[in-house]
Amino acid sequence: MQKDLGNYRKSYEKSSLTEGLVPENPMELFQKWFYEVEASDGVDEPNAMTVATIGLDGFPKNRVVLLKKYTYEGFIFYTNYESEKGRAIDQNPHVCISFFWPNMERQIIIKGKAEKIAENLSDGYFESRPYGSKLGAIVSKQSEVVPGREYLEGKLRDLEKEYENKEIERPRYWGGYIVKPVSLEFWQGRPNRLHDRIRYSLRPNYDWKMERLAP
Ligand SMILES: Cc1cc2nc3c(=O)[nH]c(=O)nc-3n(C[C@H](O)[C@H](O)[C@H](O)COP(=O)(O)O)c2cc1C
């Protein structure tokens, strides 16, 4: 089987990035881009991002998760701490997250260190989730091999009975990570493949160095 995709070509013309016109703090540029993507209404889940970890098998692995909060400090997502990504982060907290917003012709690649957030913050977020999502966190030992779909559906039915009219507490193995960035690279598509790439790197004195990269 084969399919040649050599003719897939697009000229990127929507916007530009200029050193003098971007903020000194990359989190402010992130916020600006995020607002613009939200306002464009052209991306279903603008907060969907890939998180790459270095696994225990030595391979990098990407998967999509949902960004649930960002602050000057970093990017927060929620997951199962005992999942493949959780175990990878335990061993090596260096991760890479990325966003691709095709309608805006933009990509952001962020390297950083993942840390578990405080328990009370994970409790607060878990509490805000709908009942079904709370049960979902308990029913599934994320990343483990299961015998089949019926096994999971059976487990869900059992848990629905067990937790009828009962509070569902956050399981200890589920919670948030914050990715504290050390570098953020903003990519804006431009015509003739002369794309704009601006990278911010965190310096030891905690200010940001800004550099333009060749596309
Ligand atoms: C749009 C989308 C959103 C997702 N959001 C999350 C999330 O917020 N947290 C999460 O643990 N998994 C999320 N997943 C599932 C992950 O991609 C992945 O399958 C899961 O976390 C297990 O990954 P792991 O085995 O590499 O740890 C999402 C998947 C998609 C496609």
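We count ligands from 1, going down the list as the structure has it; atoms in each ligand are counted the same way.
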Taking the six-membered ring for Trp, are [X] and [Y] ring centroids under 6.0 Å apart?
X      : Y     : result
Phe34  : Tyr70 : yes
Trp174 : Tyr78 : yes
Tyr177 : Tyr81 : yes

Check: Using a distance-only test with no angle check, is there a side-chain donor-acceptor pair under 3.5 angstrom linking Ser40 and Asn103?
Finding: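 Note: Ser40 and Asn103 side chains meet the donor-acceptor criterion.
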Checklist line | Residues lining ligand 1 [heavy-atom distance under 4.0 Å, listed by chain and residue number] | finding: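 Under the 4.0 Å cut-off, ligand 1 touches Glu45, Lys61, Arg63, Val64, Val65, Leu66, Tyr78, Thr79, Ser83, Glu84, Lys85, Gln142, Ser143.
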Notebook entry, point to check: Are the side chains of Trp187 and Leu17 in touch, meaning some heavy atoms are under 4.5 Å apart?
Noted result: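 Not touching, per the 4.5 Å side-chain cut-off.
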Check: To the nearest 0.5 Å, what is the distance between CD (Glu105) and NZ (Lys14)?
Finding: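 Output value for this atom pair is 4.5 Å.
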